[in-house]
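Before any comments, here is the structure.
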Number of protein chains: 2
Amino acid sequence: MKTLAFMTGLGVTTVSRALKDAPEIGAETKRRVQLVAKQIGYRPNRAGVRLRTGKTNVISLVLNTEHELMSFVSDIIYGVTAVIADTPYHLIVTPYSRSQDPLDPVRYLVETGSADGIIISRTQPNDPRARYLLEHGVPFATHGRTDMGLVHPYHDFDNYAFASEAVRYLAGIGRRRLALLAPPIGLTYHGHTVNGFTDALSEVGASEVPFNTVTIDQSIEQIRMRTAQLMRRSDRPDGFVSSAAASTLAIVAGIEDAGLKLGRDVDVVSKQSSEFLHLFRRELLVVNESFRLAGSELARAVLGWVGGAEPGSLQSLSKPGEVLPYRG
Amino acid sequence: MKTLAFMTGLGVTTVSRALKDAPEIGAETKRRVQLVAKQIGYRPNRAGVRLRTGKTNVISLVLNTEHELMSFVSDIIYGVTAVIADTPYHLIVTPYSRSQDPLDPVRYLVETGSADGIIISRTQPNDPRARYLLEHGVPFATHGRTDMGLVHPYHDFDNYAFASEAVRYLAGIGRRRLALLAPPIGLTYHGHTVNGFTDALSEVGASEVPFNTVTIDQSIEQIRMRTAQLMRRSDRPDGFVSSAAASTLAIVAGIEDAGLKLGRDVDVVSKQSSEFLHLFRRELLVVNESFRLAGSELARAVLGWVGGAEPGSLQSLSKPGEVLPYRG
DNA sequence: CCAATATACTGAAACGTTACAGGTTGCCAA
DNA sequence: TTGGCAACCTGTAACGTTTCAGTATATTGG
């Protein structure tokens, strides 16, 4: 910048202001400065800006290293980076592990002022992280809604609609006794999913086969074993609704362990975030959820808040598509 | 830090030096300063340090947004973060897309001085990024080796061993006509894989069924279609070696599209980075490759170089485990 | 006892940027 | 003519850190 000032014969202050289109700089001067800046490839020094203004130009994605789905991590990162690609923002990934309080990484980011905006996942109805961030005035967006009467940006997939559509579909092909492999208890979308499931059950007059103690956070082996146990009982379900593709692999394995056949003895509707369940078993019924979209929406939301938009206007809910059987 | 200086009654210079165990500070003073620092929870301001020293405390992971495997992205990030978790380093993810020169993001990072160290993947035998980084003296590590006579840190999986073991295993169960679904042409490990494959073929006296134009970078549908075509020919292979789990799903689909049966008409050995292929088809033969390990090794390597270690001492090669059939 | 030296500490400057509090010029109205 | 004002520009300080070039005091060797 000093170089720019020298080259243009102006003061550094003028150059600084000219580069950000301040009103008190002559139009001609602005164009001149910006031209020279472009020519010599001037890039603002992030440390200088950050030290002076506190603006980090960083968005942090806070992830659980044990429980996030593989596809979630990959796709959400790509979604976020696609949006921030032509902004000065960088994406930093802040991990936390099972043993840690989920609030820890968030507190760290806020205390060290390491990010202008934060994206969190595994959102809870009463989420201490959201509360903390609101209290500290740090812009953020959550993947999943909260239920605290506080308003903040979020992106969510309509899991109520997913679960209820899944139940309706299964009922439509004659399935009457349904089991739900739900999201982890405690997370907001667990509630949404369970509600959609049970509401639709009573709507169509089907019944639930309890599978409560198992969630998609469990290991493949656990889910497989518990499914096999369940399927060996006389009152076994004839339909499953599964909230995650990886768990669906385990459910199918469990079904087959019990000597039953997918599509004949039982049907499974599963969410998936990439098109592979139909390669796995053609009989599966799938609903797509795009985590890349989630990443983009979340990035847009945080950037919006950072840029001064109303948090309440930065909320989005993505509707599930139809339940899809295999086609050709 | 000014606060610390005031509290201890020392000058800021002394505090700065005391905190980093400089030799010219009295032992007693050091302990005192460090105690007070701990008490008030002092954390060095990253912008201050970065502005003064140029040290960013950032490691950047450069990823292709189209062609990286899902599991690769997720696991490598977790591997890296696990290593840098108890260091002052942050991980930033720098993406680039199909249309871009892979050198672009690297150049950006170097020109803006945005990272102390860089991790790159999809390494080529003659890799312009590695050359560029060496020329500019920026520490980096590559996932995969180069072959330019230049020495730099890397982590690699021994794909020669993988491919040759796979061939030996298939030959051992009577397969004689093998096809290889190779990594993308141009990447170093394409060559390694192909060499391992062909060397072992001649060793065991089996023959290759060319499948050259297809690589794991292609879409699931493409691979599936091409496999089905191949399997409908009279000179079809009776064994496959596949370099990626996702592609293996497509190969199996293609095999079944052609009306053939896995394990009877044809066997497939595939790498996988998470334990799911055996849920998919029990007849599959798998070799595990841990991307989390790769991430950790790469992080250790860059940090080592940043810390002044010899680049040549920061190279690691991970040997594949055995070919594993399904068990219980 | 003095000079040399080691030990322990310090102020000022600098990294690149922006905000604050001006300064200069030219024009217009009184 | 002059005071006021708008338009445009500028120097200085500050953000938090480290480095440079010291200073002051105690210790040692001759």
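The chains referred to below are lettered A, B, ... by the order of the sequence lines, with proteins before strands, and numbering in each begins at 1. Quick note: numbers below take in every heavy atom, side chains included, and nothing from hydrogens, waters or symmetry partners.
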Taking atom [atom2] of [N] as reference, at what distance in whole Å does atom [atom1] of [X] sit?
{"X": "A:Lys30", "N": "D:dC9", "atom1": "NZ", "atom2": "P", "result": "10 Å"}
{"X": "B:Arg46", "N": "C:dT17", "atom1": "CZ", "atom2": "C1'", "result": "19 Å"}
{"X": "B:Leu51", "N": "C:dT17", "atom1": "CG", "atom2": "P", "result": "9 Å"}
{"X": "A:Met1", "N": "D:dG11", "atom1": "CE", "atom2": "P", "result": "13 Å"}
{"X": "B:Leu10", "N": "C:dT10", "atom1": "CG", "atom2": "P", "result": "5 Å"}
{"X": "B:Leu19", "N": "C:dC9", "atom1": "CG", "atom2": "C1'", "result": "15 Å"}
{"X": "B:Lys2", "N": "D:dT18", "atom1": "NZ", "atom2": "P", "result": "14 Å"}
{"X": "A:Glu24", "N": "C:dG22", "atom1": "CD", "atom2": "P", "result": "16 Å"}

Ion pair check, B:Asp217 and B:Arg98, cut-off under 4.0 Å: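 No, no charged N to carboxylate O under 4.0 Å.
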Plane angle bin for B:Phe291 and B:His143 - parallel if under 30°, tilted between 30 and 60°, otherwise perpendicular: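 Judged by the thresholds at 30° and 60°, the geometry between B:His143 and B:Phe291 is perpendicular.
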Under 4.0 Å between any heavy atoms, over every strand shown, what does [X] touch: base, sugar-phosphate, or nothing? Just pick one.
{"X": "B:Gly9", "value": "sugar-phosphate"}
{"X": "A:Gly48", "value": "base"}
{"X": "B:Arg17", "value": "base"}

A:Arg32 vs A:Arg52, nearer the 5' end of DNA chain D by closest nucleotide: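 Looking at DNA chain D, the more 5' nearest nucleotide goes with A:Arg32.
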With respect to the phosphate group of [N], does any side-chain polar atom (N or O) of [X] fall under 4.0 Å of OP1 or OP2?
{"X": "A:Lys20", "N": "C:dT17", "value": "no"}
{"X": "A:Ser16", "N": "C:dT18", "value": "yes"}
{"X": "A:Thr13", "N": "D:dG11", "value": "no"}
{"X": "A:Thr29", "N": "D:dC9", "value": "yes"}
{"X": "B:Thr14", "N": "C:dT10", "value": "yes"}

Exercise: do A:Thr56 and A:Asp116 side chains pair donor with acceptor under 3.5 Å: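 Yes, a side-chain donor-acceptor pair sits under 3.5 Å.
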A:Ala47 or B:Val12, whichever maps to the more 5' nucleotide of DNA chain C: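 Comparing both residues, the 5'-ward one is B:Val12.
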Toward the 5' end of DNA chain C, by each residue's nearest nucleotide, B:Pro23 or A:Asn45: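 The 5'-side residue here is B:Pro23.
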B:Ser296 (side chain) donor-acceptor with B:Arg292 (main chain) under 3.5 angstrom: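 It does hold such a pair.
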Test ring-ring contact (aromatic ring centres under 6.0 Å, His included) applied to A:Phe140 and A:Trp305, A:Tyr132, A:Tyr154, the passing residue: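 Answer to the ring-ring contact (aromatic ring centres under 6.0 Å, His included) test with A:Phe140 among A:Trp305, A:Tyr132, A:Tyr154: A:Trp305.
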